[in-house]
Amino acid sequence: MDYQFKDIEKKWQKFWADHQTFKTEDKSTKPKYYVLDMFPYPSGAGLHVGHPLGYIASDIFARYKRLKGFNVLHPMGYDSFGLPAEQYAIQTGQHPAITTEANIATYRRQLDQIGFSFDWSREVRTSSPDFYKWTQWIFMQLFNSWYNKDADKAESIEKLVKHFEQSGSTGINAVCDDETASFTADEWKAMSNQDQQKELLKYRLTYLRQSTVNWCAALGTVLANDEVKDGFSERGGYPVEQKKMMQWSMRITAYADRLLKGLDSIDWPEPLKEMQRNWIGKSVGALVRFQISDFRFENEDKTNLQSLTSNPYIEVFTTRADTIFGTTFLVIAPEHELVASLTTPDQKADIEAYIAMAKKKSELERMADAKTVSGAFTGSYAINPVNGEKIQIWIADYVLAGYGTGAVMAVPSGDQRDYLFAKHYNLPIIPIIDIQKIDTEADPTKEGRYINSGFINGLTYKEAIVAVVAKLEELGAGKAKVNFRMRDAIFGRQRYWGEPVPVYFKGDLPYLISENELPLVLPEVDKYLPTESGEPPLARAENWKYKPTAAPSKSPPVGETYQAHLTGSYRETADPIYYEQLKNFSAANRNQPTEAENTLWQLLRKDQTGYKIRRQHAIDIYIADFVSLQKGLIIELDGHHHKLNKEADDARTEVLNHFGFTVIRFTNDEVLQNPQRIFDQIKEKLNSLENRDLTKFSDATNTSEVKVSPTGGDLEGAGNADTYEYELSTMPGWAGSSWYWYRYMDAHNDEEFASKEAIAYWKDVDLYIGGSEHATGHLLYSRFWNKFMKDLSLVVAEEPFKKLINQGMIQGRSNFVYRLIDEMGRGTNTFVSHGLIKQFKTSPLHVDVNIVENDVLNIEKFKKSRPEYADAELILENGKYICGVEIEKMSKSKFNVVNPDDLIERYGADTLRMYEMFLGPLEQSKPWNTNGIEGVFKFLRKFWRLFHNEAWEFSISNDEPTKAEFKSLHKIIRKVEEDIDRFSFNTSVSSFMIAVNELTDFKCNKRGILQDMVIILSPYAPHICEELWIQLGNEAGTLSYAAYPKFNAAYLIEDEFSYPISINGKTKMNLNISLSLEPKDIEAHVLADAGVQKYLGGATPKKVIVVKGRIVNIVL
RNA sequence: GCGGAAGUGGCGUAAUUGGUAGCCGCACCAGACUUAGGAUCUGGCGCCGCGAGGCGUGGGGGUUCGAGUCCCUUCUUCCGCACCA
């Protein structure tokens, strides 16, 4: 049979799916290898040929690793929350879930027909509640954590609370908001719960704060810095403005240093690491305080006067504290909070005019305008702390409010911007280094010795910077400071199609919903637009409110008054509905014990008190934390805020007493501080009580009405039966993608985001392939979340992706036809071939690349492509119409999209896979050009033919291969190993061609060679290889796990080598010389050769260089 | 402006530690087989030159017996950042 790729590929794709050939086991004696692709956003356009490039490379790698005996995890899923589906929903009213579902179906069909070896049983979708339940859960962990700088890791917020209760705010070294309060332990305890929560929010790793955000009005949402490019949204290209809003943020800045350091430990492309370093933007410098001189005037704006009069200084950030003696003025940003207070009445008009002008300039104009010098003098002066000089304070928009302190010390001799400013406004310029050249521009040199610089005169840079910082610290006028350019990441989006934030509001304060309430499912809305009042789309959801009563927590839901079941039959029949619920709650509580509960349980379990203790046991409408039914003793643990619920507790105790239980209470802190003491107290109490078997309790039927508030336990936020507003913004697109690789490890786990065992086994991603466009988004956020989860011991690796490869972008290659323009300037229906356009007046038009081959227009198809082209006239060259070419982004509007479906239809998936690899180095960006695909197709047919005779019958010989045949085989065995190891897939494809060309020349159809060839080629062209593999008599489906052939160097050993003989470095001829000869003998042999003698022309060589097995060079 | 990557035939590219520059394809040319060819096979194919030979890895310079590869300098292209103090 001829090579029938269509049948073969269909057959094996079905086989792999039916037999789950690529389903990965979590338990294996093989070493693990995790090959991950960046999962796609399923867009409506489907895949074009650029998308699979990285997937093909990773698939080859994954298949290769399987052959090499690894247990390979190679999963795929969809990053299915996002803007396009939502924009489509806004336009059409179609629910984004439906659009997304349809797009995923298209993607899946397209992916399947390329023959990837994904383990689809582990598929994830970020928009599925099973998945985003855990995205929300991780959010909750972030909310419940703070960053302890002393431990250099995230820790539980409980630990912070404990510290506050014991020592107040002293001794806390946290990454937190700037304006945290100072308080003693007693002051903390005296605070209302509200105030405590407000303070804690300043420490949480995800927090709500009034922040300046990138607001995109057209999209109706805020955007993160990495989603804004040059003042426009990355998606859609809409203008973005700065706006102050209450927003969720992630305290990624806490990890700035670790994110920076971690880069040194991972095998990523250097440009990408550099981009992250840039984005993090660490600069080591100092904060310096400049006192305000003679601050005495009044001003109608008194907002900051208070702080100014008590603390009259401006703080600047500088990386060049050594240049402080060259400071000749200060510049503060126009938005700086002290501007109004510093402005003297004389200067008021100037300053206000300048601010008005600066405000009008958009972000873009301000950037474009970087070279124009502008500013205004405030009229105030500051004192240089090191020399007491009085210097002017200016405002200018080259100083950014958002970086450092929003103020700089201007050193015109060393900083070009300061230099230009000083020249423009005639401010002094003082040289401070002996070799500084400052006639025409600033000289930021660090060489030379300091002059005009007081106590650092004569020092070098290294000495000076240390001396200045020390002096500033001594004076109390400054300190060393590391600054980062990276800002905390805005985490909320005012959009519909994203993960709901698992938070509700009581007063102004956010509270987490309960963990067992997850997932908080995205509600239905009538429209996907903001409300009239400008609230996010989720505000449209009807009855979407948080009801604590509906929240199964430590206590079941109850109304205001409740007919307590003082019937004496609390266990089975109190209320069948409640009883079911209660059992569920208890189970949930047992799975998620608090720290204190867990600590105590370790002491109480297994009868360590001498009595059987149950935990989270349902009793009537309550759940007891711990109970001994034998003694009727209930042990309750209370959180710190529990004092609010005294009334409820009393009622609860009353009911429990009624049943014959004794209730004792401890606080969580008591347990955590001294568990043994609590244990002793419990034991003592148990011993003192009489036995009373309450397991079969049946008291007199004595019903009484008891007032019960809805909480009997630790329900956070309880206290009334009101409903609360949920957070209305959703999470950004990067939330789900910041941890998804862990879900693949254990994709169907309902109890955890992934089991401890799965994480311990798979650990991290060994190879990650994806585009560099995610450098400062996904790849940074993923590292951040990973480090956070490591801190909480949820995962084991500090870095998630050990090795990363960026596949290059596939650009479009547009073709053009040239329409003739007549004398009147009108377009005609005549088209001129590209080589002739200089002779005519033409205008280029995009033409569909799919009707052009090797830049020659298919005229027949062209005429059919549009009705108006049907009678078009074409001016040809050499009988052909040659199209023009340009490289552009691949897009529908440019008619340059090449769809993999068409190519698979025509050449098959194996050809497409190999051709995409053959295009060039994986990491290199290149335009798509279908021109060479025939060559790869021919290769596969040639390979197929090796196994068939002239009548196209399968025909293989069992003869012993020749030495030359073995040599071809072992060359390719080694070559492919080396190439795959360095991700050089293009070179291995050409080596396959060489091997098959050689074997064709040998007319080799020997099993001893071809069977191994099938294995080696199978990662690249799996379908054809599977087919040949069973034809060779092997069991179907076993090829994927066959053993990669072993390289044997013996087959490559040569007796002779054709030495290039060069004279003065120029190769003149070749000589076959035995490889057993040593350099001295080679030299003699070469010089004796007649051909060489001819070149020498009788001259005696000055020197002869012989490199054994490489070259002979004769120097004349 | 700063940082990074890269410049090799008509085109995509190859040359793993400095050791024969142009492998493998595409396109093109010639030929064979054919009713035909968008099939297959054979040969050619960096540039100049009839040839001998010479010149060739963006340009210039250097190190070396020998440089596409290392160093300096310069130009060009692409990518990222951009008034970051």
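From a predicted model like this one, the values you see are computed outputs, not experimental measurements. Chain A is the first sequence line, chain B the second, and so forth, proteins listed ahead of strands; every chain is numbered from 1.
Atom-to-atom, CZ of A/Arg485 to P of B/rG3 comes out at 13 Å; the value is rounded to the nearest Å. Rounded to whole angstrom, the span from the NZ atom of A/Lys971 across to the C1' atom of B/rC24 amounts to 13 Å. In this structure, CE of A/Met993 is placed 17 Å from P of B/rG12, rounded to the nearest angstrom. Between A/Asp2 atom CG and B/rU40 atom P there is a gap of 10 Å when expressed in whole angstrom units. Distance CD (A/Gln416) to C1' (B/rC2): 14 Å, rounded to an integer number of Å. Taking atom OH of A/Tyr1059 as the reference point, atom P of B/rC65 lies 21 Å away to the nearest angstrom. Here B/rG12 presents its C1' atom at 14 Å from CG of A/Leu53, a figure rounded to the nearest Å. Regarding A/Ile324, its CD1 atom lies at a distance of 13 Å from the C1' atom of B/rA85, rounded to whole Å.
With distances taken from any side-chain atom of A/Thr1067 to the nucleotides B/rA85, B/rA21, B/rG19, the minimum falls on B/rA21. The side chain of A/Ile1111 sits closest to B/rG19 out of B/rG19, B/rC24, B/rU16. Closest contact between the side chain of A/Lys1103 and the listed nucleotides B/rU16, B/rC65, B/rC24 involves B/rC65. The side chain of A/Asn997 lies closest to B/rG25, out of B/rU20, B/rU40, B/rG25. Picking from B/rG54, B/rC83, B/rG19 the nucleotide with the shortest atom distance to the side chain of A/Asp397 gives B/rC83. Nearest to the side-chain atoms of A/Asp979 among the listed nucleotides B/rC24, B/rC84, B/rU16 stands B/rU16. The listed nucleotides are B/rU17, B/rG38, B/rA85; the one nearest the side chain of A/Arg1110 is B/rU17. You'll find that the side chain of A/Met275 is closest to B/rG80, out of B/rG80, B/rC24, B/rU40. Counting only heavy atoms from C-beta on, A/Thr987 has its side chain closest to B/rA15 among B/rU40, B/rG19, B/rA15. With B/rC24, B/rC65, B/rA85 as the choices, the nucleotide that has an atom nearest any side-chain atom of A/Ile1105 turns out to be B/rC65.
Within 4.0 Å (heavy atoms only), A/Lys938 reaches sugar-phosphate atoms of the nucleic acid but no base atom. Counting non-hydrogen atoms under 4.0 angstrom, A/Gln924 reaches the backbone sugars and phosphates but no base. Among the protein residues, A/Arg277 comes within range of no part of the nucleic acid, since none of its heavy atoms lies under 4.0 Å from any strand. Across all strands shown, A/Asn986 has heavy atoms under 4.0 Å from sugar-phosphate atoms exclusively, and none from any base. A/Asp415 comes within 4.0 angstrom of nothing in the nucleic acid, heavy atoms only. Residue-level contact check: A/Pro269 touches neither bases nor backbone, having no heavy atom under 4.0 Å from any strand. Across all strands, A/Leu919 comes closer than 4.0 Å only to sugar-phosphate atoms, never to a base (heavy-atom distances). Nucleic acid contact class of A/Glu274 (heavy atoms, under 4.0 Å, all strands): sugar-phosphate only. Contact annotation for A/Arg813: no contact, since no heavy-atom pair falls under 4.0 Å across all strands. Among the heavy atoms of the strands lying under 4.0 Å from A/Arg945 are primed sugar atoms or P, OP1, OP2 only; no base atom is included. If you check every strand for non-hydrogen atoms under 4.0 Å, A/Phe992 touches nothing. Residue A/Val1115 is in sugar-phosphate contact alone, with no base atom involved, counting any heavy-atom pair closer than 4.0 Å across all strands shown.
Considering only side-chain N and O atoms, A/Arg417 lies nowhere under 4.0 angstrom from the phosphate OP1 or OP2 of B/rG1.
Counting all heavy atoms, side chain and backbone alike, A/Ile314 lies closest to A/Ala407 at CG2-CB, 3.8 Å.
Residues A/Phe943 and A/Phe992 keep their aromatic ring centres 6.0 Å or farther apart. In this structure, the ring of A/Phe329 has its center less than 6.0 angstrom from the ring center of A/Phe421.
Annotation: B/rC79 and B/rG25 have their C1' atoms spaced 28 Å apart (nearest Å). Only the P atoms considered, B/rU69 is 14 Å distant from B/rG62, to the nearest whole Å. To the nearest whole angstrom, the two C1' atoms, one in B/rC11 and one in B/rG59, are 24 Å apart. Distance check on atom C1': B/rA15 versus B/rU8 gives 11 Å, rounded to whole Å. Nucleotides B/rG37 and B/rC45 are separated by 23 Å at their C1' atoms, to the nearest Å. With P as the reference atom, B/rG46 and B/rC24 are 13 Å apart, rounded to whole Å. Straight-line distance between the P atoms of B/rU20 and B/rC33: roughly 41 Å, to the nearest whole Å. Nucleotides B/rA21 and B/rG66 are separated by 14 Å at their P atoms, to the nearest Å.
Figure legend: A/Arg783 and A/Trp279 shown without cation-pi pairing, the cationic atom not lying both under 6.0 angstrom from the six-membered ring centre and within 45 degrees of its axis.
Counting atom types as modelled, A/Asn1113 pairs a side-chain N or O with a base atom of B/rC65 as donor and acceptor under 3.5 Å.
With a cut-off of 3.5 Å on both Watson-Crick or G-U wobble distances, the partner of B/rA39 is given as none. Base pairing of B/rA82 is not made with any nucleotide, judged by Watson-Crick or G-U wobble geometry with both donor-acceptor distances under 3.5 Å. Pairing of B/rG7, defined by two Watson-Crick or G-U wobble distances under 3.5 Å, is identified with B/rC75. Across every strand in view, B/rC33 sits unpaired, with no contact that passes the Watson-Crick or G-U test at under 3.5 angstrom.
Summary of the strand contacts: A/Asp1001 and A/Lys975 both lie near RNA chain B, and taking for each the nucleotide with the nearest heavy atom, the more 5' one is attributed to A/Lys975. In terms of position along RNA chain B, the nucleotide closest to A/Pro927 lies nearer the 5' end than the nucleotide closest to the other residue of the pair A/Pro927 and A/Asn1064.
Side-chain contact annotation: A/Lys942 with A/Asn997, donor-acceptor N/O pair under 3.5 Å present. There is a side-chain donor-acceptor pair under 3.5 Å between A/Tyr403 and A/Ser283. Using modelled atom types and a 3.5 Å distance limit, the side chains of A/Asp418 and A/Tyr398 yield a donor-acceptor pair.
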Could you go step by step and tell me if A/Met1069 and A/Asp1089 meet the side chain to side chain contact (heavy atoms under 4.5 Å, CB included) rule?
-> CA-CA 11 Å; A/Met1069 58 186 289; A/Asp1089 186 86; 3.7 Å; yes

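A donor-acceptor distance shorter than 3.5 angstrom exists from the side chain of A/Arg913 to the backbone of A/Tyr1020, with no hydrogens or angles considered.
Here the straight-line distance linking atom NE2 of A/His948 with atom CZ of A/Arg941 works out to 13.0 Å at 0.5 Å rounding.
Using a 90° window around 0 for the glycosidic torsion, B/rG4 falls outside it and is classed as anti.
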